[in-house]
Amino acid sequence: MTLAQVSPREAETAPLPARPEVSASADGEILSVARTCLDDMKAEDVVEIDLVGKTSVADTMLVATGRSDRHVNAIADRIIQTLKDNRLGTPRVEGMPACDWVLIDAGDVIVHVFRPEVRSFYNLEKMWGADRPAERIDG
């Protein structure tokens, strides 16, 4: 089935294509690149949250603040371009048009870049912090 044959409703509900497996060393490189870009671009209040055992979505979440929508955009652009330049894949990105909150999904590393008031509203650190119970796996 080609893309032209998919209705808008089907496109909304279709599952995303599977990501190719990434090695642990590549995950470490992705995290290192993200940290370096956040530092180079003067992101504020950077918090790293270990998600291992809390969810199967990712292993690490970085949460950072940009001073304005332009700063959020610049930070996100730098991370995305640096990952591509280092051949660490092309991450999935949400929120770039408005730049209130940009989510960069690079597999086992997720980066959230917020404007200050949006970050305080969602408060991801509290949601995903140390007191979150471990994910239950039935099998």
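If you read the sequence from its start, that first residue is 1, and numbering goes on from there.
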Handout entry: Distance (rounded to the nearest 0.5 Å) between N86 CG and K84 NZ
Key = 13.0 Å

Completion exercise
Minimal heavy-atom distance between R119 and F114, with the atoms involved, is CB-CB, 3.4 Å

Fill in the blank from the handout: Here the gap from L62 atom CG to I79 atom CD1, rounded to the nearest 0.5 Å, amounts to 7.5 Å

Exercise for the section: Would you mind reporting whether L31 and D27 have side-chain heavy atoms less than 4.5 Å apart? Expected result: no

Problem - Heavy-atom check, side chain of E125 versus side chain of N123, under 4.5 Å - result: yes

Exercise for the section: Verify, without hydrogens or angle tests, whether S32 (side chain) and G28 (backbone) share a donor-acceptor contact under 3.5 angstrom. Expected result: no

Exercise for the section: Starting at CD1 of I30, measure out to CD1 of I104 and round the result to the nearest 0.5 Å. Expected result: 12.0 Å

Practice task
Write out all pairs satisfying side-chain hydrogen bond (donor to acceptor under 3.5 Å, both in side chains) with one or both partners inside residues 94-104, taking only residues at least two apart or from two chains.
Solution key: D100-R115, W101-H112

Show me the side-chain donor-acceptor pairs of residues 69-78 shorter than 3.5 Å, one per line, residues at least two apart or across chains.
from	atom 1	to	atom 2	distance (Å)
H71	ND1	R67	N	2.9
H71	NE2	M41	O	2.8

Fill in the blank from the handout: One should read off an interatomic distance between T60 OG1 and D108 CG, to the nearest 0.5 angstrom, of 7.5 Å

Completion exercise
What one should report as the nearest heavy-atom pair of P91 and I80 is CG-CG1, 4.2 Å

Under 3.5 Å, side-chain donor or acceptor atoms of residues 43-51 against the rest of the protein: list the pairs with distances, not counting sequence neighbours.
from	atom 1	to	atom 2	distance (Å)
E48	OE1	R35	NE	2.9
E48	OE1	R35	NH2	3.1
E48	OE2	R35	NH2	2.8
D50	OD1	V52	N	3.1

Handout entry: Gap separating the OG1 atom of T55 from the CD1 atom of I110, nearest 0.5 angstrom
Key = 8.0 Å

